[in-house]
Amino acid sequence: MKYREFVYTGGPAAELNVLECKELVTDIQAAILMSLEKRKLLTTFQRECCMDKLFLHNKNNLGNNGNE
């Protein structure tokens, strides 16, 4: 996963729209899964299965504009 750094500049925070920020939402979900594995609340196999489903779901819905 690509490392990104976000810096708060003191201005008003922009509203996050899931449809416009799919990549960010996917990265956050992947980070949560890795955190759960690190805390031993998920096994490596469980994390890998969830990541596969997460990325497959997002790949299938990429051109769908979030309409399911």
Side-chain angles (χ1 to χ4, degrees):
M1 189 169 15
K2 183 178 178 182
Y3 175 77
R4 295 186 189 156
E5 185 175 319
F6 298 94
V7 179
Y8 177 64
T9 60
E15 290 285 326
L16 284 181
N17 182 340
V18 176
L19 299 178
E20 295 174 1
C21 303
K22 284 185 180 183
E23 189 174 315
L24 175 63
V25 172
T26 301
D27 287 347
I28 291 170
Q29 291 171 330
I32 290 169
L33 290 171
M34 289 187 283
S35 174
L36 290 172
E37 180 188 15
K38 184 177 181 180
R39 293 172 49 203
K40 305 220 182 286
L41 298 172
L42 282 181
T43 65
T44 301
F45 179 74
Q46 289 171 321
R47 181 196 48 84
E48 289 172 354
C49 288
C50 290
M51 294 278 265
D52 289 344
K53 289 182 181 183
L54 173 66
F55 290 113
L56 180 63
H57 174 74
N58 289 333
K59 180 182 174 187
N60 289 340
N61 289 327
L62 228 159
N64 203 7
N65 291 333
N67 299 329
E68 294 185 21

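Just so it is clear, the values below take in all heavy atoms, side chains as well, and ignore hydrogens, waters and symmetry mates. Here, residue 1 is the first one in the sequence, and each next residue gets the next number.
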Here the salt bridge (charged side-chain N to carboxylate O under 4.0 Å, His left out) pairs for residues 40-52, sequence neighbours left out, are Glu37-Arg47

Would you give the length of the straight line joining atom [atom1] of [X] to atom [atom2] of [Y], rounded to the nearest 0.5 angstrom?
| X | Y | atom1 | atom2 | answer |
| --- | --- | --- | --- | --- |
| Ile32 | Cys50 | CD1 | SG | 11.5 Å |
| Gln29 | Asp27 | CD | CG | 9.5 Å |
| Leu33 | Lys53 | CG | NZ | 11.5 Å |

By side chain to side chain contact (heavy atoms under 4.5 Å, CB included), Ser35 pairs with (sequence neighbours left out) Arg39

Smallest heavy-atom separation, Gln46 atom then Leu41 atom, equals OE1-O, 4.4 Å

